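Below: the structure, in structure tokens.
As the structure is a prediction and not an experimental result, all values here were calculated from the model. In what follows, chains carry the letters A, B, and so on, assigned in the order in which the sequence lines appear, proteins first and then strands, with residues in each chain numbered from 1.
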Amino acid sequence: MPRYNPADIEPKWQSYWEQNKTFRCPELPDPNGKGKLYVLDMFPYPSGAGLHVGHPEGYTATDIYCRYWRMQGKTVLHPMGYDAFGLPAEEYAIRTNTPPRQSTEANIANFTRQLKMLGFSYDWDRCLATTDVDYFRWTQWIFLILFDTWYDPKARKGRPISEMPIPEDVIAKGPEQVASYKDRFRLAYQDDALVNWCPALGTVLANEEVIDGKSERGDHPVQRIPLRQWMLRITAYADRLLADLDLLDWSTGIKKLQADWIGKSTGAEVDFKVSCKNGTALGEESIRVYTTRPDTLYGATYMVVAPEHPLVHRITSAEQSKVVEEYCKAASFKSDRDRTEGDKQKSGVFTGAYAINPMTQKPIPVWVADYVLGNYGTGAIMAVPAHDIRDYEFALKYDLPIVQVVEPIQGTPQELEEIRSGKVCFAGEGIAIAGRELNGLSTKDAKAKVIESLERTGLGRGAVNYKLRDWLFSRQRFWGEPFPILHELREDGQPNGQIRAVPMSHLPVDLPHLEDYKPHGRPEPPLGKADASWLYVELDGKRYRRETNTMPQWAGSCWYYLRFISPKCSDAFVDRQQEAAWMPVDLYIGGAEHAVLHLLYARFWHKVLHDRGYVTHPEPFQKLVNQGMILSYAFKDHRGALVSVDLVEEDQDGNAKHRQTGETLQRIVAKMSKALKNVVDPEIVVKEYGADALRLYEMFMGPLEATKPWSMQGVNGVRNFLDRAWRLIVDSKSEQMQLNDSVKEVEPTAEQDRVIHSTIAAVTQDIENLSFNTAIARMMEFVNHFTKETIRPRSAMETLTLLLGPFAPHLAEELWHALGHKESLAYAPWPKAIEEKLRVASVEIPVQVNGKVRAKVSMPVGIDDQATERLARENDRVSELLVAKELVKVVIVPGKMINFVVKP
RNA sequence: GUCGCUGUGGCGAAAUGGCAGACGCAUUGGACUUAAAAUCCAAGGACCCGUGAUAGGGUCGUGUGGGUUCGACUCCCACCAGCGACACCA
């Protein structure tokens with residue numbers, strides 16, 4: 001036992017922690033402690049492949065942070081769970097013909113085993129999975145809260161639907177009309193929308209799940225078809241989701257990503273009257289456009305409506321109707337990808353109609369073009385080709401007039417001439433020209449003036465738009481939360497269009513047993529195949545059919561951080577008192593891939609729950625940190641093709657050669673992939689080097705937020721450090737577990753004290769800043785220093801063990817035990833750096849002449865500037881360099897350096 | 001195309017206005033050993049001058065070019081490269 005053997009001590013301490021419930025977290029923070037700390041990991045999706053090395057990176061970081069703060073006396077909530085609904089489990093189920101619940105449970109068991117193997121200090125009693133019936137019962141409950149909430153724009157918050165004012169004329173039309181009026185304002189509502197239908201996956205997808213016209217998962221083609229779907233009105237919260245980013249301690253990068261996704265823009269809506277060519281008005285028809293540049297209204301030389309625009313057909317002239325018809329039809333078949341991809345040549349057709357520019361009163365042609373989106377703004381634009389690059393391209397292609405109305409503030413005469421002549425598009429801000437009353441105004445002032453004039457004449461108004469769209473919330477899959485919604489049936493068994501919520505007391509709505517949940521390529525959900533006993537419900541004398549869509553995977557992860565607070569609470573989704581005590585999450589660590597979707601969705605749900613009085617804070621995640629991706633080395637041949645790692649041979653000089661062709665290969669860094677055979681399995685690393693070595697290496701590789709390549713030699717390096725730490729304290733030659741002979745019951749020397757206390761100070765600082773790589777470097781220096789000492793004070797060894805505790809907990813517990821302690825060190829007080837012990841008598845001060853270090857002079861600490869200069873001048877080399885030179889000035893940073901500036 | 005991040009020894013990195021390269025890997029030398037492994041100790045940016053060899057000294061050096069400063073890896077401007085996100089949002 002005298003040698004450091006992680007295979008022995010790691011399982012031993014893991015079962016000690018488990019048996020003693022060392023990391024059990026109390027229901028409420030200890031009132032006598034130093035406050036609460038809620039540290040959360042983004043919970044994993046339990047895939048069949050098990051953990052990869054990316055998981056333990058964030059998990060180790062939070063674990064170190066938690067173990068540290070426990071030792072500092074905080075009550076720490078640090079839970080773990082599983083995001084287990086979703087497509088991969090269902091795909092796997094279909095492939096292997098096992099029920100998804102069965103494979104999901106097996107995967108969860110495997111993940112739990114692997115996570116426990118790494119010694120994380122989770123309170124496992126709080127473990128949950130989004131697929132637990134007891135969990136998704138409350139996911140359904142929250143959905144019903146969304147269903148029961150409308151957004152009151154005056155109060156700027158969500159309120160119960162019962163408090164919504166109903167117009168008299170609606171009330172007059174009877175209860176059915178009132179019900180459907182209410183339904184239109186709910187935060188969870190149904191809508192016939194063009195959706196992203198993916199036949200291969202057999203489900204619709206949210207806009208965010210479609211990448212370049214293909215499904216994010218599986219890369220299958222996606223079509224746009226109209227379908228009745230559940231939507232969540234996240235757009236109502238766009239402004240607050242944007243504004244409240246200011247409250248958060250997140251990186252500016254992530255905040256910007258979210259802000260860009262919300263995409264707020266300000267401008268104006270302008271109404272253009274429509275006429276036919278000869279100037280006769282076409283009834284009272286007008287088209288409303290949205291623009292961020294109302295100041296360029298005088299430069300609008302044509303108008304474009306989206307192919308989906310409701311007025312397209314009404315305004316199209318008889319001559320143009322055939323081409324317009326065809327164009328719109330073609331556009332409807334195109335996916336978003338087809339509309340944006342390729343050479344990006346814009347296309348469009350003239351409708352034959354004209355619109356009157358409200359400023360110039362001149363008619364401008366109205367075109368249909370698919371570069372204008374139907375679902376943003378008003379679905380129509382005024383085109384100002386002189387000052388918008390897209391309009392400019394379109395105008396060039398179809399030979400439409402280009403009229404400059406803004407002059408840049410700076411530019412060479414040549415550039416200005418090119419803009420004037422229409423050879424170049426100027427999209428920036430400048431000074432208004434050719435716009436009568438606007439002449440000479442800055443872009444900002446001109447915008448304000450135009451809006452003011454539009455509002456006066458009633459032809460327009462200031463307006464705000466968001467890129468954010470409502471969240472498409474239903475999926476046609478089996479493995480998700482069923483919607484707690486019932487559709488009322490007529491006598492003939494068909495729905496009559498009325499819906500109602502499943503009473504909250506009837507929750508949960510469990511998934512039915514299905515023999516066959518394969519997708520069939522049609523948009524009817526698999527739950528439609530459930531037994532009549534599940535599908536049909538009688539309530540209050542009426543017959544209903546259950547909603548058969550299921551919720552998307554995001555649903556469960558929108559609120560899991562709340563359930564962790566009181567996972568067993570049976571009468572509410574979270575215990576009120578405990579929620580108030582633990583929220584918000586103080587530190588949330590996870591991958592940057594969730595920067596937009598998960599974090600935005602969860603913030604939205606949280607705000608609704610906050611408005612409805614169920615949670616105390618406006619935001620769920622106070623501090624967010626994104627761990628960097630872990631990459632692996634890969635090899636490239638002369639053509640740039642990647643070569644699988646098992647085909648590569650490295651010689652002693654580290655040159656990589658192709659095993660078969662002998663070609664010299666270039667080493668690069670790439671994502672781990674099965675195809676390249678460069679995936680690192682954490683379980684194998686644990687078997688070979690130990691969990692503590694894995695943890696330590698993941699932290700030592702570099703800064704937490706950086707992307708960094710994996711190196712097995714690096715793992716060996718930190719393992720070597722753990723061995724050295726072990727031998728520093730333990731007698732590795734003895735058969736018995738006993739302390740190294742050098743460990744003595746003595747006081748540290750002054751020099752040893754400096755090492756001890758500067759290490760404590762540095763490690764403490766580094767942990768609080770999440771700079772774990774440098775913290776480990778400081779402990780290595782400590783071990784290097786004391787390895788050379790033949791008398792090692794026992795107190796110093798205890799300090800090292802405590803510092804090591806958060807990083808390599810198994811090793812530290814074993815050493816702590818060897819040093820004679822009976823209890824775990826999990827709650828032992830963290831060492832304190834003592835200021836006086838850090839003091840040194842003298843320091844080496846670099847002496848510069850003209851900014852170059854020419855000498856180092858030892859000086860007493862706390863020396864004044866005069867004495868510093870005197871001692872520096874006394875140095876032979878310095879005086880030599882200063883002789884016969886004219887001194888310009890002397891710069892002194894006390895205790896740091898001195899610089900003589902001389903004329904050369 | 002737009003935005004963001006990154007660029008420092010053979011490699012992972014440290015230093016965020018004050019001694020560039022802490023710490024680790026790999027490498028080299030030494031001690032221990034019959035030998036090897038393990039362990040322990042030590043060396044190391046490049047080039048030049050100097051010496052018998054040491055010691056010592058100089059010039060250059062943090063992607064490139066400019067700037068600010070007594071002093072720049074660090075701040076500012078422009079550019080290049082790699083990675084990532086978004087991508088007709090008017």
Answer with base, sugar-phosphate or nothing: what part of the nucleic acid does R719(A) contact at a heavy-atom distance below 4.0 Å?
nothing
Under 4.0 Å, counting only non-hydrogen atoms across every strand here, what does E705(A) touch: a base, just sugar-phosphate, or nothing?
nothing
Between P on rG56(B) and CZ on R877(A), what's the gap in Å once rounded to a whole number?
12 Å
Side-chain N or O of R724(A) less than 4.0 angstrom from OP1 or OP2 on rC40(B)?
yes
Heavy atoms under 4.0 Å, any strand shown: does R727(A) hit a base, just sugar-phosphate, or nothing?
sugar-phosphate
Quote, to the nearest angstrom, the C1' distance that separates rC73(B) from rA14(B).
11 Å
Working note: N465(A) + S265(A), criterion side chain to side chain donor-acceptor pair (under 3.5 Å); need CA distance, chi angles, decisive distance, verdict.
CA-CA 5 Å; N465(A) 255 301; S265(A) 72; 5.6 Å; no
T252(A) near the nucleic acid: base, sugar-phosphate alone, or nothing, with a heavy-atom cut-off under 4.0 Å?
nothing
Regarding N773(A), tell me which of base, sugar-phosphate or nothing describes its non-hydrogen contacts under 4.0 Å with the strands shown.
sugar-phosphate
Students often get this wrong, so: under 4.0 angstrom with heavy atoms, is M897(A) touching a base, only sugar-phosphate, or nothing?
base
rG21(B) versus rA53(B) - spacing of their P atoms, nearest Å
28 Å
Partner of rG10(B) by Watson-Crick or G-U wobble geometry, both contacts under 3.5 Å, or none?
rC25(B)
Could you check which of rG58(B), rC70(B), rA90(B) has an atom nearest any side-chain atom of R854(A)?
rG58(B)
Expressed in angstrom and rounded to an integer, what is the separation of L373(A) atom CG from rA87(B) atom P?
11 Å
Separation between the P atoms of rU62(B) and rG45(B), rounded to whole Å
16 Å
Would you mind telling me which residue lines up with the more 5' stretch of RNA chain B, F721(A) or K708(A), judged by nearest nucleotide?
K708(A)
Between K346(A) and Y371(A), is NZ or CZ placed under 6.0 angstrom from the six-membered ring centre and within 45° of the ring axis?
yes
The side chain of W261(A) is closest to which nucleotide in this list: rC86(B), rC88(B), rG12(B)?
rC86(B)
Rounded to whole angstrom, note down the C1' distance from rA72(B) over to rA55(B).
33 Å
Spacing between K896(A) atom NZ and rA72(B) atom C1', to the nearest angstrom:
15 Å
Minimum-distance nucleotide to N720(A) side chain [options: rC25(B), rA90(B), rG58(B)]
rC25(B)
Under the side chain to side chain donor-acceptor pair (under 3.5 Å) rule, what do N875(A) and R854(A) come out as? Steps first, then yes or no, please.
CA-CA 10 Å; N875(A) 179 278; R854(A) 297 300 180 179; over 6 Å; no
Pairwise C1' distance, rA46(B) and rG9(B) [rounded to whole Å]:
10 Å
Taking the side chain of P709(A) as its heavy atoms from C-beta onward, which of rA90(B), rC25(B), rG12(B) lies nearest to it?
rG12(B)
Take atom C1' in rC47(B) and the same atom in rG61(B), then report the distance between them in whole Å.
10 Å
Scan K788(A) against the nucleic acid and name what it touches under 4.0 Å (heavy atoms): base, sugar-phosphate only, or nothing.
sugar-phosphate
Among rC25(B), rC88(B), rG57(B), which nucleotide sits nearest the side chain of D370(A)?
rC88(B)
Under-3.5 Å donor-acceptor pair between K856(A) side chain and rC19(B) base:
yes
Categorize N899(A) for me: base, sugar-phosphate, or nothing, with a 4.0 angstrom heavy-atom threshold over every strand shown.
base
Once you apply a heavy-atom cut-off of 4.0 Å, does Y633(A) come out as touching a base, just sugar-phosphate, or nothing?
sugar-phosphate
Below 4.0 Å: OP1/OP2 of rA90(B) and any side-chain N or O of K346(A):
no
Taking any heavy-atom pair under 4.0 Å as a contact, classify N784(A): base, sugar-phosphate, or nothing.
sugar-phosphate
Checking side-chain polar atoms at under 3.5 Å, does R469(A) have a donor or acceptor matched by the opposite partner on N375(A)?
yes
Remember a base hit wins even if backbone is also touched, and classify V853(A) as base, sugar-phosphate or nothing at under 4.0 Å, heavy atoms.
sugar-phosphate
When you match T292(A) and S711(A) each to their closest nucleotide on RNA chain B, which lands nearer the 5' end?
S711(A)
Students often get this wrong, so: under 4.0 angstrom with heavy atoms, is G717(A) touching a base, only sugar-phosphate, or nothing?
sugar-phosphate
For the pair Y398(A) and W367(A), name the ring-plane relationship: parallel under 30°, tilted 30 to 60°, perpendicular over 60°.
tilted
When both hydrogen-bonding distances must be under 3.5 Å and the geometry is Watson-Crick or G-U wobble, what is rC83(B) paired with, if anything?
rG4(B)
